[in-house]
Protein chains: 2
Amino acid sequence: MKALRTGSKELIKEINRFKVLNIIRHQQPISRAEISRQCELGVSTLSYIMDELKAQNLIYEVGEASSTGGRKAKLLKFNENHGYVVSIKIEEEQILTALTDMEGGILLKTYVAFEKKESAERIVSLIEKEVKMIFSEQDKDISHLLGIGVLSSGLVNRHEGEIIRSSMLEWENVPVTSMIKEKFPRVPVFVDNNINGYTLAELEKGEGQKDNNFLVVSIGAGLGLSVVIDRKIYYGAVGGAGEFGHTNLVMGGYPCHCGQEGCLEMYASEFYFENKIKERLKEDPTYEGEDHHFSAVAKAAEADDMFAQSLMKEMGTHLGYGLRNLINTLNPEKIIIVGEGVKYKHLFEREVLAIANDNFFEKVSIDTDIVFSHLKDDSWFTGGALLAISQLFQEPIYEQMKQSI
Amino acid sequence: MKALRTGSKELIKEINRFKVLNIIRHQQPISRAEISRQCELGVSTLSYIMDELKAQNLIYEVGEASSTGGRKAKLLKFNENHGYVVSIKIEEEQILTALTDMEGGILLKTYVAFEKKESAERIVSLIEKEVKMIFSEQDKDISHLLGIGVLSSGLVNRHEGEIIRSSMLEWENVPVTSMIKEKFPRVPVFVDNNINGYTLAELEKGEGQKDNNFLVVSIGAGLGLSVVIDRKIYYGAVGGAGEFGHTNLVMGGYPCHCGQEGCLEMYASEFYFENKIKERLKEDPTYEGEDHHFSAVAKAAEADDMFAQSLMKEMGTHLGYGLRNLINTLNPEKIIIVGEGVKYKHLFEREVLAIANDNFFEKVSIDTDIVFSHLKDDSWFTGGALLAISQLFQEPIYEQMKQSI
DNA sequence: AACTTACTTCTTTCATTGAATGAATTAAGT
DNA sequence: ACTTAATTCATTCAATGAAAGAAGTAAGTT
C-alpha cells in the first residue's frame, strides 16, 4: 500500500503548488484573491507561488477582470502549451495516436495499421517511430513531451504498467510501460485499459464532472466497467477494475469465451445477438440468419424486423439486471453508459431502465442516475491524454516515484 | 468530496505526529532509531516529537532493547490507557455496551434489554444512562472518554452519522450521532453498520492484517458485504457499502422482503432454508416441516438428515455464485467469510469454493483467497471501538472537522 | 465638468514564526 | 577503536500576517 509521505517543507510546498495549479486548471481564468478565498492560503503566499509557476511557464497572466468595487484583478490562466502529451490507443489492427496539449486538447491524430497478432516488441517500435515522426514533422521539440498515455483492451495492471492479458492482441504479461520508457527515457508513461481511459474523459469533460462516486459501463462488442470512488478510478488486486461482463446472470447459461457459463457478457452485448441467432438457425429452418453486429441488428430493428427488435429489448433487460446488481452492490450516485451501444439506445433504453431502476435503494427513496454518455468518439484520445495529465498534476502526498513536470 | 488540506506548518506537524504514533501503535515496542529508519524523519526530529507525545501521555518508555553492537535503544510503547472508548451494538431487543482501552481491548461488557421497536430517543437515553453508569460504577473519570462507536444493522450513512433505515428497529433517518453527541458534548461519536464494524476488527486483529484490498461477507440471518480498498472501508453514495444480498441471482425467483425477486439473500442465507421448507410443506404431505434457523438446519444435517444436508449444500452453491460475481466485479485479493454461518462451514464449504474459485481471474492464474474468519464473538465490540479509534488516529490530511485527542 | 474625499479590492513587501534538519555532542554499549 | 542511540543547537525555508502600495468605485463639493 502506498504510504503517506512524511511532512516536510518540500511536501507542503509541493502540495500547495499543485493545489493552486489545479484550481487554476479547472477554474481559469481566475485571480489571486479568488484562489485565496478557495484554499486556505494568504494572498501573500499566493503571490510567491504565482511567481514560481510563472517562471516555470506553467501559468500566465491574461488581462484583467472588471472591477467589483475596487482594484481590478489580474487574471491567471493555465498554460496548456507548456508541453505536449501523446495519447495512444492500441486496437486489433491499428495504433491510433494523438498529440494533445496539457489540457487534453487534440492537436493532431494519426494511425498506423499492423497485422493482427503482432508481437509487443514490434508494436512498441511502431509507437516509437510514430511519436518521433509526429514531433519531427510538426517541427516540435520532443523534449517538451511530458507524458504518454496508452490505452489497450484487456486486463491491465496500471500500477505495474503491464498488460496482464489481452485476448485481442494475444499478449500476456507484457510490461508496456517499461518497454516504451526505454524508447523515451525521460518521459512518464502510463497504461490503462480502454474503459478506464474513457472514464477519465467523463470525469473531466463529461457526465462525471460533478459526481464523486459513479460507474461507467461500456456496451458494444463486450461489456466493460470502470468504478470511480471519490473521483478516483478503483483498481482491484491486480489493477483491473474487475470483469463485470463475467459475472453470472444465468446459472448454467450460454458458455462464455472465458470458460464460465451464463456470463452477463453473453446476454448484454453483441454476444447475445450471436447466441440467439445461432439458436434460431438451429430451430427455425425458414430463418436465414443475419449479421450479429450491433449496427446490423440495430438497423434491422429500425426497419421493423420484429426478431431484431426483440433481441435489442432482451439485451436491454439483461443489461438492466447487470446494472441493478451493480447498484445494489456498490450504491453509486450515477451510472454512465458509454460505448457503441449508446448510438442505438432508443432501441433498448426503456428496458434497461425498467429493470435497473427497480433496485434496492430506489425502494428506500435513494435514486441512482442512469445516463448515456454525450461525449464524442474523440474522447478515447482525450482519455488517454488525461491518463498522463491527471497523474502529472496529482498532489504528491503518497510515497512513490516523484515525477517532475 | 473531501478536499486535501492546504499545506502549512501545522499540517506537517500533525501528519508527522500521527504517522509516528501509528507506527508505535502497530509495532510497539519500538525505538526512536527504528522509527527514523521507517519514516523519513531525522532522529533529532523524533526526539522532539517523542517529548511532545510523552507530555500528552500518549506514549511512554519501557526498558531497553538488547544492544545490536552499540548503545541500547530505549523502547517506546503506546499508552493504551491514555483514555477510554465505548463500543455499542444496538440489537433487536438489547443494547450491548463495552468499555475498551485505546487499543480496543475490552475492559468490561454490559447489556440492557428493551422492548422491540422502541423509539430512537428512548434508546439513546438508555445508552446515555448505561455509559454514565459504567463510568461511575468503575470509578473512572468520564472526561477520559475519548470516543464512542455505535454499530447497528441496516443502512447507515456514516458520514452524516445517520441510520437511514433499519427494518429491525423500524427506524428511518435517525441522526444517531448528533443525538448521542447531545448527551456527551465533547466526545466524538461514530456510527456504522455491523458488518463494517466487524471488518475493522478483521483489518486490525484478524485475517485482514496484511491485505489491502479485500471483501468481508457475512452469512447468517441475512447476507452482508463490506468492501475494503487500500485498507479503508468503501462507502457508496449514501454511505452504505452496498446491499450485496439484494443482487439478483435468479431472474424471477423467490420474492424478497425488499420488494425485488430472486435476490441472492433468498438463496444464500437462512432465508433459503425458510423458502425451501415452505415449498416442501406444500408439495410433500408426509413432510412435517422444521426450524429454518441456521443452527437447527445444521444440527439436522449433522444428524444425517439428507434434506437438511442438501439445503446446506445448495445454499453453499448459491453463495459461491455470489462470491464469484463479487470476485469478477471487484477483483479483491481475498474474501473473508464471517457471521453465524462460519460455525457450520464444514457443511457447505466445499460447495462455496467449487463455484467461487471457478472465476474469471482464476482462469488467468490470479488466485483469490477465500477464508473463514477466526475471530471470536467479542469482535463486534472490538470493531465498534476501532470505529472510533481508527478515526481518532487517522492522519488528518483532508479538510474536515478537526478532532483533538 | 473637474476635483476631493472616503472606501473597496487586489497585490506586493518584509519581518516573524515554527517544524524539520543535519552536524556536533553526549551516552552507552561491543 | 568502533557502533549505535539519543540530545542539543544553530540553520533553513515555506507560510504567515500586518502594512504598504496600486488601482479602482461612489458620492459629494466646488
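Quick caveat: nothing in here was measured; it's all calculated off a predicted structure.
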J.: Go nucleotide by nucleotide along DNA chain C from the 5' end; which of L75(A) and G42(B) gets its closest nucleotide reached first?
T.: L75(A)
J.: With a 4.0 Å limit, can you tell me whether K13(A) has a side-chain N or O closer than that to the phosphate oxygens OP1/OP2 of dA14(D)?
T.: yes
J.: Tell me whether the side-chain N or O atoms of K74(A) pair up with the base of dT11(C) as donor and acceptor below 3.5 Å, since no angle test is needed here.
T.: no
J.: So which protein nitrogen or oxygen atoms get under 3.5 Å of nucleotides 8-10 of chain D's nitrogens or oxygens?
T.:
{"unit_1": "dC9(D)", "atom_1": "N4", "unit_2": "Y48(B)", "atom_2": "OH", "d": "2.9"}

J.: Rounded to the Å, how far apart are K19(B) NZ and dA19(C) P?
T.: 18 Å
J.: Examine R25(B) relative to F393(B) and say whether NZ or CZ is less than 6.0 Å from the centre of the six-membered ring and inside a 45° cone about the ring axis.
T.: yes
J.: How many whole angstroms separate atom CD of E10(A) from atom P of dA19(C)?
T.: 16 Å
J.: Is a salt bridge present between E395(A) and K19(A), judged by a nitrogen-to-oxygen distance below 4.0 Å?
T.: no
J.: Report yes or no: do N79(A) and N57(A) form a side-chain donor-acceptor pair below 3.5 Å?
T.: yes
J.: Can you establish whether the number of heavy atoms outside E40(B) located under 6.0 Å from its atom CD is more than 12?
T.: no
J.: If only side-chain N and O atoms of R5(A) are considered, is one of them under 4.0 Å from the OP1 or OP2 phosphate oxygen of dA20(C)?
T.: no
J.: In whole Å, I'd like the distance from the CG atom of L46(B) to the P atom of dA20(C).
T.: 9 Å
J.: Taking side chain to side chain contact (heavy atoms under 4.5 Å, CB included) as the test, write out the residues that go with E61(A), two or more places apart.
T.: R32(A), K54(A), K74(A), L76(A)
J.: Specify the residues of residues 23-36 of chain B, ordered by number, for which at least one heavy atom lies under 4.0 angstrom from an atom of DNA chain D.
T.: R32(B), A33(B)
J.: Mind calculating the distance between CG (L53(B)) and P (dA6(D)) to the nearest angstrom?
T.: 15 Å
J.: Mapping G7(B) and R37(B) onto DNA chain D by nearest heavy atom, which one lands closer to the 5' end?
T.: R37(B)
J.: Separation of I49(A) atom CD1 from dC13(D) atom C1', in whole Å?
T.: 14 Å
J.: Output the rounded distance in Å from CG (L11(A)) to P (dA20(C)).
T.: 11 Å
J.: Indicate, with a heavy-atom threshold strictly under 4.0 Å, whether L41(A) touches base, sugar-phosphate, or nothing.
T.: sugar-phosphate
J.: Strictly by modelled atom types, are H26(B) and E204(B) linked by a side-chain donor-acceptor pair under 3.5 Å?
T.: yes
J.: What's the closest nucleotide to the A73(B) side chain, out of dC10(C), dA6(D), dA14(D)?
T.: dA6(D)
J.: Ignoring hydrogens and angles, answer whether the base of dT16(D) and the side-chain atoms of K9(B) contain a donor-acceptor pair closer than 3.5 Å.
T.: no
J.: Could you check how far CD1 of I15(B) sits from P of dA19(C), rounded to whole Å?
T.: 13 Å
J.: Reckon N16(A) has a side-chain N or O less than 4.0 Å from the OP1 or OP2 of dA15(D)?
T.: yes
J.: Working note: L203(B) + R231(B), criterion side-chain contact (heavy atoms from CB on, under 4.5 Å); need CA distance, chi angles, decisive distance, verdict.
T.: CA-CA 7 Å; L203(B) 260 169; R231(B) 297 195 70 73; 3.4 Å; yes
J.: Quick one: closest heavy-atom pair of S379(A) and A201(A), and the distance?
T.: O-CB, 3.7 Å
J.: Side-chain donor-acceptor pair under 3.5 Å between R5(A) and Y398(A), yes or no?
T.: no
J.: Which is it for I35(A) and L41(A) under the side-chain contact (heavy atoms from CB on, under 4.5 Å) test, yes or no, and what are the steps along the way?
T.: CA-CA 8 Å; I35(A) 296 173; L41(A) 284 170; 5.9 Å; no
